Amino acid sequence: MDYNFREIEKKWQSYWAEHQTFKATEAPSRPKYYVLDMFPYPSGAGLHVGHPLGYIASDIYSRYKRLCGFNVLHPMGYDAFGLPAEQYAIQTGQHPAVTTEKNIARYREQLDRIGFSYDWSREIRTCDPEYYKWTQWAFLKMFGSYYDNSRQAARPIEELIASFEKSGTDGIDAACGEEKHFTAAQWNAMSDKEKSDVLMNYRIAYQGETSVNWCPQLGTVLANDEVKEGYSVRGGFPVEQKKMTQWQLRVSAYAGRLLDDLDDLEWTDSLKDMQRNWIGRSYGAEMIFKAYNGDREYDMVIFTTRADTVFGVTFMVLAPESEWVARLTSPEQKQAVDDYLAEVKKKTERERISETHRVTGVFSGSWAVNPLTGEKVPVWISEYVLAGYGTGAIMAVPAHDSRDYAFARHFNLPIVPLIEGCDVSETSFDAKEGIMCNSGFLNGMTVREAIPAAIDYVEKHGIGRRKVNYRLRDAIFSRQRYWGEPFPVYFKDGIATPMPFESLPLELPEIDEYKPTETGEPPLGRAKDWDVDGWPIEKSTMPGFAGSSAYYLRYMDPHNGSALVSREADSYWRNVDLYIGGTEHATGHLIYSRFWNKFLYDLGYVCEKEPFKKLINQGMIQGRSNFVYRIVGTNRFVSYGLKDGYETTEIHVDVNIVHNDRLDIEAFRKWRPEFADAEFILEDGEYVCGYAIEKMSKSMYNVVNPDMVCDTYGADTLRLYEMFLGPLEQSKPWDTKGIDGVSRFLKRVWRMFYGRDGLIVTDDRPSAEELKTLHRLILKVKTDIESFSFNTAVSAFMIAVNELYEHKCSKREILEPLVILLSPFAPHISEELWEALGHNESVTFASFPEYVEAYTVEDSCTYAVSFNGKTRFTVDLPKTMPQCDVESHVRSLEQTSKYVAGGNIIKVIVVPGKIVNIVVK
RNA sequence: GCGGAUGUGGCGAAAUGGUAGACGCGCCACUUUGAGGGGGUGGUGGGAGUUUUCCUGUGCGAGUUCGAGUCUCGCCAUCCGCACCA
């Protein structure tokens with residue numbers, strides 16, 4: 001009886017579907033475990049062999065947790081709104097919903113073949129109105145909330161309105177765009193429009209003018225994480241900065257909590273660091289500098305982290321976009337400043353980035369006064385100061401800041417050193433160390449002492465205050481696109497007005513074309529009846545991250561029509577215990593999701609303040625491309641080893657017609673018409689291809705499709721091999737030729753059960769040796785799964801099976817636990833063998849076998865360690881020590897004895913895993 | 001420039017501070033058969049020696065230790081993230 005994986009896999013996949021084996025139900029008496037994959041965007045290209053890596057890992061873990069008695073929630077769905085389907089729609093006129101539907105069907109088919117234990121009854125799609133109803137709901141909640149800084153929580157906007165009515169802005173500490181001051185009387189006298197404008201300044205979802213990333217080719221704005229090096233992440237089109245009014249989310253209000261709460265998460269340090277970096281907290285001070293433009297004096301506020309260096313301020317710098325530029329430009333300098341601003345504005349984002357270290361700037365014509373020295377310093381304008389950070393204005397201390405230094409050098413401004421013995425003749429001294437000098441009351445202090453001392457002084461004299469600044473900006477939340485969630489907001493007399501909850505979902509309207517309108521409006525401008533009682537509805541749609549921000553909550557209660565998630569479901573499933581996905585979402589989805597969750601937490605809709613407890617980033621699987629070498633000007637191809645003798649061009653060749661780097665010549669001739677009559681110069685009768693490790697992509701012809709692997713080797717082999725390739729978190733190349741190893745392993749497992757004439761399993765008692773192999777395996781597999789070291793777990797299986805197979809061990813007592821151990825990795829074959837052993841329930845419901853610790857230590861628990869033929873000392877070993885530990889302990893003790901003891905060791909006391917004491921006389 | 005990660009055979013990779021290279025691929029030899037990417041056995045870091053064996057070896061250089069692939073410090077290389085954030 002051969003291992004017929006095709007039949008077996010089909011059989012068990014339909015069995016699982018029919019019996020809803022993996023359906024999860026809330027069961028308060030049982031411990032829960034929530035395992036989540038980052039849901040895919042269903043692209044037209046389908047899955048390649050790299051995509052399921054994380055899914056396989058999470059599936060193994062889910063199945064393992066089930067065997068350990070947990071009630072496991074392991075759902076899957078689709079991030080179905082997005083640009084590619086829409087771009088395709090623009091080109092073909094096909095509705096994005098149709099394309100998306102088709103792609104999802106294909107994804108599902110591919111996923112099903114791999115044998116995942118998803119609870120498909122909980123599937124969600126972000127483009128489904130029943131789903132995006134709750135995305136819109138969350139938006140309305142954010143629109144209807146503000147952030148109370150003193151309570152560090154989101155609160156209903158009604159509370160803010162009530163206190164405006166009572167006492168104006170007095171006592172308000174709320175996150176806002178710009179600080180406002182008014183009395184209750186002033187508030188009450190405002191028109192509805194004025195009130196609306198004021199409230200926009202506080203809402204968590206708000207409309208505001210800001211400098212945005214505008215991508216002309218895509219016709220939409222993009223969030224910071226959707227732009228890389230001046231190009232859009234999707235499509236790679238150039239992006240420019242533009243001032244526009246957009247919907248935004250006040251993510252910045254949560255910056256402190258987003259940063260602090262990272263500490264309790266089980267994420268990798270590198271990922272946490274990426275987020276810390278992105279959020280970018282710095283402690284410093286705001287300081288007031290008096291600035292004169294000739295006829296008026298202003299209080300200009302700047303932010304600095306180096307309050308200790310105020311005595312070294314020799315000039316001030318404004319960002320070109322700063323509102324101070326207009327105020328402080330003197331009539332004499334007006335022309336020069338205007339010219340400079342025009343020059344800066346002309347530059348694309350791309351140019352700004354590439355010219356990062358070119359010094360540019362212009363003098364404003366105004367002067368500011370150093371609040372500590374009373375000295376007059378010039379105010380300059382330069383693009384090296386960013387409008388969006390701090391106050392858009394800085395005090396420049398060229399001696400101790402390299403950027404200020406470069407600027408001072410370029411424009412010949414004075415440089416005053418403030419730290420004893422530092423040399424600023426060539427470069428600035430940026431380090432926060434040394435003894436202060438030239439600094440009045442700070443002289444003699446170390447920098448570390450001087451910073452707080454300077455801030456204290458400034459606070460006491462009312463010229464500044466402590467301030468924490470964040471790099472994290474608010475998220476731009478509107479996109480001028482069709483294929484996204486519509487905003488449930490209309491504009492009544494120009495006032496943004498939320499639609500009632502009961503009217504949700506606000507469904508995407510049908511439109512004739514998916515392009516922007518002729519007047520430059522977003523595609524929804526084409527929709528008919530896109531209004532509420534004649535008032536226009538918002539025409540932008542929400543960005544991709546809207547739908548993916550709370551999807552993990554919806555899985556807990558996917559069919560609930562009256563809440564995002566019921567209190568019962570939420571308090572049972574709580575949050576994601578294990579989240580597996582790529583590192584590319586570090587500063588996008590993983591920030592937004594945390595923000596979204598915290599917002600819902602503040603309002604009491606969810607019970608956990610973090611969405612994802614443990615997170616693992618699986619590595620990328622790269623492609624292994626193959627090349628053929630065409631001799632220039634001919635249709636002759638020379639084998640890799642001989643190519644140096646010719647002038648050749650390297651051509652990518654489809655890896656599916658190459659085996660072990662040997663080209664299938666016939667298949668190659670059929671591959672493309674121009675190769676039909678290709679000739680070959682062979683070595684040893686074969687055509688050897690070159691290879692390279694590259695990204696897996698269609699254009700490199702190195703895409704390996706999981707369906708093909710399932711066809712030739714089976715899903716179980718695919719699963720095992722993907723794990724066997726190397727550590728989960730590491731990037732590694734896919735190379736199909738290595739798959740034979742795991743394929744052989746599974747066949748060998750099969751042959752332990754089946755001989756030529758059928759089942760050969762016996763009820764014989766296993767030997768001590770066989771039991772030892774089994775128990776060592778149990779221990780290894782358990783610890784490896786728990787530490788996500790799946791590659792070594794697979795190796796351990798191979799070693800154990802080799803040993804058992806060698807002894808022709810087909811004993812039930814060994815095989816039964818072996819099947820259970822194997823089932824998370826290779827579920828189909830495990831089910832089949834489990835059934836062969838006479839069980840009529842899925843192996844899913846078995847329990848993970850315990851290993852017997854005491855087993856392996858032999859009769860005596862005292863080991864004699866000898867050296868140079870003489871017994872040197874004895875080791876007491878507790879009976880519960882596994883054999884493998886004993887061996888390594890004795891070995892290390894033997895080594896130790898050579899040096900430490902010289903014969904004097906009396907006794908070594910050992911406990912499992914640790915040497916406790918060595919007694920030496 | 002800042003931050004993080006990685007560096008071990010021909011390849012993917014293993015090694016609680018204790019015999020480096022487990023396991024798998026590939027390769028070599030033998031073997032078996034109903035030889036269509038079959039099953040089994042043995043070998044395989046480099047160098048030397050017909051056997052027992054010896055020397056050498058984890059990017060480079062120091063250090064800690066009886067003992068370092070592993071810990072510490074300094075370089076070098078590769079990859080990733082951020083990048084005028086005051």
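As the structure is a computational prediction, the values presented were derived from the model and not from experiment. Chain naming here is simple, since letters A, B, ... match the order of the sequence lines and numbering starts at 1 in each.
- In this structure, A:Arg594 is positioned above the aromatic face of A:Trp267, its NZ or CZ under 6.0 Å from the six-membered ring centre and within 45° of the axis.
- With RNA chain B read from its 5' end, the first of the two nearest nucleotides for A:Ser270 and A:Thr305 is the one closest to A:Ser270.
- With both ends at atom P, the span from B:G59 to B:G42 equals 32 Å, rounded to whole Å.
- Nearest-nucleotide assignment on RNA chain B puts the 5′-proximal partner with A:Asp269, out of A:Leu725 and A:Asp269.
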Q | Base-contact (B) and sugar-phosphate-only (S) positions in nucleotides 22-27 of chain B, heavy-atom cut-off under 4.0 Å, - elsewhere | A | BBSS--

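- Applying the side-chain hydrogen bond (donor to acceptor under 3.5 Å, both in side chains) rule to A:Arg473 yields no partners; only residues at least two apart in sequence or on another chain are considered.
- Nucleotide B:G40 holds its P atom 5 Å from the OH atom of A:Tyr805, rounded to whole Å.
- For the atom pair CG (A:Asp654) and CG (A:Asn626), the distance works out to 9.5 Å, reported to the nearest 0.5 Å.
- Spacing between atom CE of A:Met620 and atom P of B:C80 amounts to 8 Å, rounded to whole angstrom units.
- Between B:C84, B:G39, B:G81, one nucleotide has an atom nearer to the side chain of A:Lys747 than all others, and that is B:G39.
- In this structure, A:Ser282 reaches the sugar-phosphate backbone alone: every heavy-atom distance under 4.0 Å involves primed, P, OP1 or OP2 atoms, never a base.
- If you take CG of A:Leu728 and C1' of B:A13, they are 15 Å apart, rounded to a whole angstrom.
- Comparing the C1' positions of B:U19 and B:C73 gives an interatomic distance of 29 Å, to the nearest angstrom.
- No side-chain donor from either of A:Ser810 and A:Tyr754 sits under 3.5 Å from a side-chain acceptor of the other.
- B:U64 sits 34 Å from B:G12 when the C1' atoms are compared, rounded to a whole Å.
- Among the atoms of the strands shown, only primed sugar atoms or phosphate atoms (P, OP1, OP2) are found under 4.0 Å from some heavy atom of A:Arg751.
- B:G12 atom P lies 17 Å from atom CG of A:Leu53, rounded to whole Å.
- Taking atom C1' in both B:G57 and B:G46, one finds a spacing of 8 Å when rounded to whole Å.
- Nucleotides B:U72 and B:G17 have their C1' atoms positioned 13 Å apart, rounded to a whole Å.
- Rounded to whole angstrom, the span from the OH atom of A:Tyr405 across to the P atom of B:A86 amounts to 21 Å.
- Using a 4.0 Å heavy-atom criterion, one finds that A:Asp273 contacts the sugar-phosphate atoms exclusively.
- Atoms CD (A:Glu722) and P (B:G12) sit 17 Å apart, rounded to a whole Å.
- Side-chain atoms of A:Ser789 and A:Thr792 form a donor-acceptor pair, as typed in the model, at a separation below 3.5 Å.
- Using atom C1' as the reference point in both B:G34 and B:U53, the two lie 47 Å apart (nearest Å).
- Closest approach of A:Cys710 and A:Phe5 over heavy atoms only: O-CE1, 3.6 Å.
- Taking the O4'-C1'-N9-C4 or O4'-C1'-N1-C2 dihedral as appropriate, B:G36 has a value more than 90° from 0 and is therefore anti.
- To the nearest 0.5 angstrom, A:Ile760 atom CD1 is 9.5 Å from A:Phe753 atom CZ.
- OP1 or OP2 of B:A86 lies within a sub-4.0 Å distance of a side-chain N or O belonging to A:Tyr389.
- For B:C79, the OP1/OP2 oxygens have no side-chain nitrogen or oxygen of A:Gln622 closer than 4.0 Å.
- Separation of the A:Phe407 and A:Tyr384 ring centroids falls under the 6.0 Å cut-off.
- Taking the centre and axis of the six-membered ring of A:Trp278, the NZ or CZ atom of A:Arg471 falls inside the cone set by 45° and 6.0 Å.
- Between B:G18 and B:G69, the two P atoms lie 10 Å apart (nearest whole Å).
- Closest to the A:Glu383 side chain, of the nucleotides B:C84, B:A13, B:A86, is B:C84.
- As a whole-Å value, the separation of A:Ile451 CD1 from B:A86 P is 12 Å.
- Listed pair A:Arg358 / B:C84 fails the phosphate criterion, with no side-chain N or O lying under 4.0 Å from OP1 or OP2.
- B:G21 sits 13 Å from B:A15 when the P atoms are compared, rounded to a whole Å.
- Taking the ring axis of A:Tyr805 as reference, the NZ or CZ atom of A:Arg748 stays within 45° of it and closer than 6.0 Å to the ring centre.
- Listed by first residue number, the stems of RNA chain B with at least three Watson-Crick or G-U pairs below 3.5 Å are B:1-7 with B:76-82, B:10-12 with B:23-25, B:26-32 with B:38-44, B:45-48 with B:53-56, B:59-63 with B:71-75.
- Atom pair A:Ile591:CD1 and B:G81:P shows a separation of 16 Å (rounding to whole Å applied).
- Closest non-hydrogen pair, A:Val313 versus A:Asn370, comes out as CB-ND2, 3.8 Å.
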